[in-house]
Peer 1: 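Take a look at this one; I'll ask things after.
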Amino acid sequence: MTNGDKISLNADGSLMVPDIPIIPFIEGDGIGPDIWAATQNVLDAAVAKAYDGRRRIAWLELMVGEKGHTATGNWLSDEALETIRDHVVAIKGPLTTPVGKGIRSLNVAIRQRLDLYACVRPVRYIEAVPSPMKHPEEINMVVFRENTEDLYAGVEFQSGSQEAQTLAAFLKDQLRAELPPEAGIGIKPMSPVNTKRLVSRAIAYAIDHGLASVTLMHKGNIMKFTEGAFARWGYEVAKERFADQTISEAELWDRYDGVRPEGRVVIKDRIADMLFQQVLLRPAEYQVIATPNLNGDYISDALAAQVGGLGMAPGANISDKCAVFEATHGTAPKYAGLDKVNPGSLILSGAMMLEHLKWDEAADLVRSALQETVKAGTVTYDLARQIPGSTEVMCSAFGAGIVANMG
């Protein structure tokens, strides 16, 4: 029996967090055990120091991925999913997915089965991390990526399959849509309800954090009834739910000559390819980006590259009922068990988790200590080869260095 108490939800959706919450964790595959061990050490130390031992986390391991398959024959059990629902907050390392065959993505399955509709990816520069940008310090954005639909809904049919042929015949006969012979077919669903709840969460975040704008990223000039609708529904929900706290970019210029009224969040939209240019050329103009699933996958990784790569990119998948925080990179199996890989992504995801619990003091300790460790040049191999004069350390030693810098 785990010594602790469950987190629960209040009627307004806020969390009721005990001093010793039980938090499920999934170690992950490949490098997962290495980076999880370093992360757990950092999070436990931050909580202990921030609250003088009054608070701690009771960790509960879930058998998911290769570990679960070895133990039970099940990659992702219903029991594991129910445990996450029941405990409200969880954290996970990277999980394996064979490319092009075999099991479906466990990461996608977890998001869809728990209805974790918002993938939240903060992107902020950590001083001394090598970056291809001249001024990476200007990049401070949070991407809200819709997680449950778009092409990632998984509704697709293989080239030459009976299903693909049947669907192609229907499209031709009933809708006069001609496809190339033997085409594989993927369906791109987007709905008002899922778009609006995602954009609502993005706007609420901007309001809560005093940020200037939310940008709706889309390719609506081409896909008018899916991505174009995403932008339209985003503007609609801003008026429906946040009329007194938001203003559209068109209204900003028509009524205020481009000067943002105090306390208002500007809602604007950008075509996807244009936004990729804008975050390179004028990053300071963007704070929160709300986007459909596929665009969000692209833009969040591209932004991570601008501040040094996925090794330092945190992420979370959140619904109205539960949240799962995770490393944003893959399993890197060739480095498994070598205590070598940068655990920064999972550590910073853990800081996001602490912030989600409203344990802000512990979250700040993690971020500031990680910053100091990198500035001191005590880094893992991926950063050591790019930072002149740095000292290369193992994954566990990097975590220990962060703990040491908390004092």
Side-chain angles (χ1 to χ4, degrees), residues 2-7 15-28 31-61 87-93 120-129 142 209 311-316 318 323-328 339 341-380 383 393-407:
T2 302
N3 182 19
D5 298 297
K6 294 179 184 178
I7 297 169
L15 302 186
M16 186 178 296
V17 183
D19 284 342
I20 307 177
I22 302 170
I23 297 184
F25 72 94
I26 298 168
E27 229 179 23
I31 59 171
D34 288 347
I35 64 173
W36 171 250
T39 297
Q40 184 177 350
N41 186 31
V42 169
L43 298 182
D44 285 342
V47 171
K49 182 168 182 60
Y51 307 111
D52 296 321
R54 291 182 293 105
R55 291 174 170 172
R56 66 178 176 85
I57 296 172
W59 299 106
L60 173 63
E61 185 171 11
H87 289 78
V88 182
V89 173
I91 187 168
K92 61 177 280 295
V120 183
R121 295 275 299 272
V123 186
R124 178 181 296 181
Y125 179 60
I126 295 173
E127 189 177 346
V129 173
V142 184
H209 290 80
M312 288 293 192
I318 301 174
V324 178
F325 297 80
E326 66 176 355
T328 57
D339 191 24
V341 170
N342 185 349
S345 174
L346 191 58
I347 289 171
L348 290 170
S349 297
M352 284 182 71
M353 183 189 75
L354 294 173
E355 191 174 54
H356 188 68
L357 302 179
K358 303 300 184 185
W359 290 8
D360 293 346
E361 300 86 356
D364 291 343
L365 263 180
V366 172
R367 294 189 182 106
S368 61
L370 186 146
Q371 172 70 89
E372 289 305 309
T373 306
V374 174
K375 282 180 66 177
T378 305
V379 292
T380 49
L383 298 179
V393 298
M394 307 305 283
C395 171
S396 56
F398 181 68
I402 295 172
V403 172
N405 280 320
M406 291 179 188

Peer 1: Quick one: CD1 on Ile22 to NE2 on His87, what's the gap to the nearest 0.5 Å?
Peer 2: 4.5 Å

Peer 1: Could you walk me through whether Met353 and Val89 pass the side chain to side chain contact (heavy atoms under 4.5 Å, CB included) check?
Peer 2: CA-CA 8 Å; Met353 183 189 75; Val89 173; 3.6 Å; yes

Peer 1: Heavy-atom count check: over 12 atoms from other residues, nucleotides or ligands less than 6.0 Å from Arg55 CZ?
Peer 2: yes

Peer 1: Drop me the distance from Thr39's OG1 to Asp44's CG, to the nearest 0.5 angstrom.
Peer 2: 10.5 Å

Peer 1: Quick one: does Lys358's side chain get under 4.5 Å of Leu15's, heavy atoms only?
Peer 2: no

Peer 1: Students often mix this up, so state it plainly: with edges at 30° and 60°, are the rings of Trp36 and Phe25 parallel, tilted or perpendicular?
Peer 2: parallel

Peer 1: Output the distance between atom CG (Leu357) and atom CZ (Phe325), rounded to the nearest 0.5 Å.
Peer 2: 7.0 Å

Peer 1: Search all heavy atoms of Pro33 against all heavy atoms of Gly28 and return the closest pair with its distance.
Peer 2: CD-O, 3.5 Å

Peer 1: Applying the side chain to side chain contact (heavy atoms under 4.5 Å, CB included) criterion to Met312, which one of Thr328, Val123, Asn342, Ile347 satisfies it?
Peer 2: Asn342

Peer 1: Short question: side chain of Gln371, backbone of Glu127 - any donor-acceptor pair under 3.5 Å?
Peer 2: yes

Peer 1: State, with a plain yes or no, whether a side-chain heavy atom of Ile91 is found less than 4.5 Å away from one of Leu346.
Peer 2: yes

Peer 1: Can you see which heavy atom on Leu43 is nearest to which on Ala351, and at what distance?
Peer 2: CD2-N, 4.2 Å

Peer 1: Decide side chain to side chain contact (heavy atoms under 4.5 Å, CB included) for Ile57 and Trp359; before the verdict, give the C-alpha distance in whole Å, the side-chain angles of both, and the deciding distance to 0.1 Å.
Peer 2: CA-CA 11 Å; Ile57 296 172; Trp359 290 8; 4.1 Å; yes

Peer 1: Do Pro343 and Asp34 come within less than 4.5 Å of each other through their side chains, counting heavy atoms only?
Peer 2: no

Peer 1: Closer than 3.5 angstrom, by distance alone: can the side chain of Asp339 be matched with the main-chain N or O of Ser396 as a donor-acceptor pair?
Peer 2: yes

Peer 1: Is any side-chain heavy atom of Val142 closer than 4.5 Å to a side-chain heavy atom of His209?
Peer 2: no

Peer 1: Measure the CG-CZ distance between Leu354 and Arg367 for me, rounded to the nearest 0.5 Å.
Peer 2: 8.5 Å

Peer 1: With rounding to the nearest 0.5 angstrom, report the CG to CG distance, Asp19 to Asp5.
Peer 2: 9.0 Å

Peer 1: Do the side chains of Val366 and Glu355 get nearer than 4.5 Å, heavy atoms only?
Peer 2: no

Peer 1: Considering all heavy atoms of both residues, which atom of Ala58 and which atom of Gly4 are nearest to each other, and what is their separation?
Peer 2: CB-CA, 4.3 Å

Peer 1: Ring pair (Phe, Tyr, Trp, His ring centres under 6.0 Å) with Tyr125: which residues, sequence neighbours excluded?
Peer 2: none

Peer 1: Would the distance check show the side chain of Ser345 and the main-chain N or O of Ala313 forming a donor-acceptor pair, the cut-off being under 3.5 Å?
Peer 2: yes

Peer 1: Can you find a pair of side-chain heavy atoms, one from Glu326 and one from Ser349, that are under 4.5 Å apart?
Peer 2: no

Peer 1: Just wondering, do Val324 and Ile26 contact through their side chains at under 4.5 Å, heavy atoms?
Peer 2: no

Peer 1: Can you name the nearest heavy-atom pair linking Ala46 to Ala362, along with the distance?
Peer 2: CB-O, 3.7 Å

Peer 1: Nearest 0.5 Å, what's the CD1-NZ distance between Ile23 and Lys6?
Peer 2: 14.0 Å

Peer 1: Which of these passes side chain to side chain contact (heavy atoms under 4.5 Å, CB included) with Val374: Val379, Ile402, Asn405, Thr380?
Peer 2: Val379

Peer 1: Show the nearest heavy-atom pair for residues Lys375 and Ala128, with the distance to one decimal.
Peer 2: CA-CB, 4.1 Å

Peer 1: Mind listing the closest non-hydrogen atom pair of Met406 and Ala369 along with its distance?
Peer 2: CG-CB, 3.8 Å

